[in-house]
Amino acid sequence: MPYASPVPDLSYPFPTVVSPFETDESFHDEEEWYDTYYGFLSDEERAKYKKHDLARGAAYMSPTVTDPARMRAMARWFIFLTQIDDYHEFHPVPALVAVRDRVCGILTGEEPRTGEPGFLHFLARMRGEFQEFMPHFWLERLAHSFHEFFTYGVMEEAPYKTGERSGPLSLAHYLLVHEYSIAMRPYGDLVDAAMDTVLPVAVFRHPVVQRLRSLVCRLMSIQNDLHSLAKEEARPSETFNIVPVLRHELRCSRDEAVNEAVRILHSFATEISSLGRQLPDFGPHQKTTQEYFRQLELMITGLERWYRHSRSTRYRVPGAFPGVTPQTSRHP
C-alpha cells in the first residue's frame, strides 16, 4: 500500500544485508505477546499493533543474526521500546520518572510484581532471554541507555506534548532532544548481541564511539521523521519532527524543508563513514570496533528496508497508528 505522502530517496554509503528472518517468522509469537502482556490496551489498539510488523523490524535491523533465540529477544526489545514510547508520550514527567526507574530496575535484576503493567513482565521475559548469551554488565549498559532515552528524550519532549510549553523548537534544540527520544541509544546497544561479543568499556567510552552513537541517533531521528511525516502532520500536537522545525527556522516551504532535512541526514551519513575509515588504534579490539561500526550501519540500512519493504501499516494507512493517550490508556 502506498505512503500517504511520498518519502524522498534516502541513500546511504553503507552496506545492505538481507536477514534470513525477513521471510522466516518462526523466531517470534508477536500476536500472542500483545494478547498476553498488553491486555491494558483496547482490542482496537492491539489489533493495530499486530499489523505494525515490529518483531520483523528487529530482523531487518540486525540482518547478520542467524540464531532464532537471539533474534527473539531482540524482537521483544524492538516491540517494548516502540510501545512504551507510544504509550507514555503524553504523560507528565513525574509518571515518566517512575516508569524509567522501574524499567531500569528490571533490566538489572529486579522482578516485576503482581499487578504491575504487563509490559514490565514482558521486559523481564526479555531480560531472561538475553541472560542466556549476554553478560550482566551489558544489561547494565542497556539500562543506562534506556535511562538516557527517557530522561533526555521522552521527558524533555513531555512538556511540549502535554501543553506546558509551546514550540516550535530551534533546530539545535530539536537535534539534541530527538537524538535521545528516538530510542536508538538503547536499541543500538543490540549491536553487541548481533556481534556475539560486547564492546569493552574502555572502547565503548572512547569519543569516536560516542560520536558514532550520537550521529546514528541523529540520522535515524531524521529518517524516522521523514517516513512518519504524513502521520505526524495529521496530529497537531506533534512538534518533534524536523520538517516543521526547519520550516519555522528557515522560513521556507514544506518541500524546501524536506530537502534540507535530507541534506542534513546525508551529512551525518558522510561523517559516520569518515569516522569508520580512520579509526584510532584500539589494539586487540580493532576488529571488534570495526564490526561495531558495520553493525550500526546495517541498522540504518535495515530500518530503511523495513520502512519501505515490510508489510507494516504503522506509517502507511490512515488511522493505523494507535491513539494511546493518558485519557484512553489502561493498566491491567
Side-chain angles (χ1 to χ4, degrees), residues 1-14 85-86 89-90 149 152-185 211-275 297 299-301 303-309 312-321 323:
M1 188 172 294
Y3 287 90
S5 180
V7 178
D9 177 56
L10 303 175
S11 57
Y12 309 95
F14 312 135
D85 188 21
D86 290 349
E89 66 175 330
F90 294 105
F149 156 54
Y152 306 127
V154 178
M155 288 163 59
E156 286 293 322
E157 288 189 359
Y160 294 93
K161 295 196 172 186
T162 59
E164 297 172 48
R165 296 182 192 168
S166 59
L169 289 75
S170 67
L171 178 61
H173 189 188
Y174 157 83
L175 289 174
L176 181 60
V177 172
H178 218 36
E179 172 184 336
Y180 288 89
S181 67
I182 196 62
M184 258 310 294
R185 282 185 177 267
R211 177 59 178 169
L212 167 67
R213 295 178 75 223
S214 175
L215 287 166
V216 168
C217 291
R218 289 189 175 207
L219 184 155
M220 295 183 84
S221 72
I222 298 174
Q223 180 188 41
N224 177 264
D225 279 357
L226 292 170
H227 281 282
S228 62
L229 179 59
K231 168 183 73 69
E232 292 178 353
E233 285 178 331
R235 304 170 73 193
S237 62
E238 184 58 67
T239 60
F240 280 85
N241 187 296
I242 194 171
V243 173
V245 167
L246 286 170
R247 289 193 68 181
H248 179 264
E249 182 139 326
L250 301 180
R251 297 292 190 266
C252 64
S253 69
R254 181 184 188 276
D255 287 347
E256 289 170 330
V258 168
N259 290 337
E260 178 61 13
V262 173
R263 187 197 66 77
I264 295 171
L265 179 149
H266 287 160
S267 73
F268 292 152
T270 298
E271 186 175 347
I272 292 169
S273 293
S274 298
L275 288 176
E297 291 171 350
M299 280 194 168
I300 295 169
T301 55
L303 188 62
E304 187 68 32
R305 279 181 52 77
W306 180 76
Y307 282 130
R308 294 186 184 273
H309 302 299
S312 176
T313 63
R314 184 173 172 87
Y315 305 107
R316 302 183 184 185
V317 179
F321 193 83

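For clarity, every value in this text was computed on a predicted model and none was experimentally measured. Residue numbers count from 1 along this sequence.
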To the nearest 0.5 Å, tell me how far [X] [atom1] sits from [Y] [atom2].
{"X": "Ile272", "Y": "Ser274", "atom1": "CD1", "atom2": "OG", "value": "10.0 Å"}
{"X": "Lys231", "Y": "Arg316", "atom1": "NZ", "atom2": "CZ", "value": "14.0 Å"}
{"X": "Thr301", "Y": "Gln223", "atom1": "OG1", "atom2": "CD", "value": "9.0 Å"}
{"X": "Leu303", "Y": "Leu10", "atom1": "CG", "atom2": "CG", "value": "10.5 Å"}
{"X": "Glu156", "Y": "His173", "atom1": "CD", "atom2": "NE2", "value": "5.5 Å"}
{"X": "Cys217", "Y": "Leu176", "atom1": "SG", "atom2": "CG", "value": "11.5 Å"}

Between Ser214 and Glu179: side-chain donor-acceptor atoms closer than 3.5 Å: yes
Is there a donor-acceptor contact under 3.5 Å linking the side chains of Glu304 and Tyr12? yes
Using every non-hydrogen atom in the two residues, find where [X] and [Y] come nearest and quote the distance to one decimal.
{"X": "Arg308", "Y": "Val7", "answer": "NH2-CG1, 3.6 Å"}
{"X": "Leu175", "Y": "Ile242", "answer": "CD2-CD1, 4.4 Å"}
{"X": "Ala257", "Y": "Leu246", "answer": "O-CD1, 3.5 Å"}
{"X": "Thr162", "Y": "Phe90", "answer": "CG2-O, 3.3 Å"}
{"X": "Glu157", "Y": "Ser181", "answer": "OE2-OG, 2.6 Å"}
{"X": "Asp225", "Y": "Asn241", "answer": "O-ND2, 3.0 Å"}

Quick check: does any side chain N or O of Ser221 sit under 3.5 Å from a backbone N or O of Arg218, one acting as donor and the other as acceptor? yes
Where the side chain of Glu249 meets the backbone of Leu171, is there a donor-acceptor pair that is under 3.5 Å apart? yes
Test side chain to side chain contact (heavy atoms under 4.5 Å, CB included) applied to Leu250 and Glu256, step by step: CA-CA 9 Å; Leu250 301 180; Glu256 289 170 330; over 6 Å; no
Check the pair Asp85 / Phe149 against side chain to side chain contact (heavy atoms under 4.5 Å, CB included), numbers first and verdict last. CA-CA 10 Å; Asp85 188 21; Phe149 156 54; 4.2 Å; yes
Should [X] and [Y] count as side-chain neighbours, where that means a heavy-atom distance under 4.5 Å?
{"X": "Met299", "Y": "Val216", "answer": "no"}
{"X": "Asn224", "Y": "Met220", "answer": "no"}
{"X": "Ile222", "Y": "Tyr174", "answer": "yes"}
{"X": "Pro13", "Y": "His266", "answer": "no"}

Can you check side chain to side chain contact (heavy atoms under 4.5 Å, CB included) on Leu229 and Arg254, steps first, answer last? CA-CA 11 Å; Leu229 179 59; Arg254 181 184 188 276; 3.2 Å; yes
Taking the six-membered ring for Trp and the single ring otherwise, decide whether the centroids of His227 and Tyr307 are under 6.0 Å apart. yes
Test side chain to side chain contact (heavy atoms under 4.5 Å, CB included) applied to Arg314 and Ser228, step by step: CA-CA 9 Å; Arg314 184 173 172 87; Ser228 62; over 6 Å; no
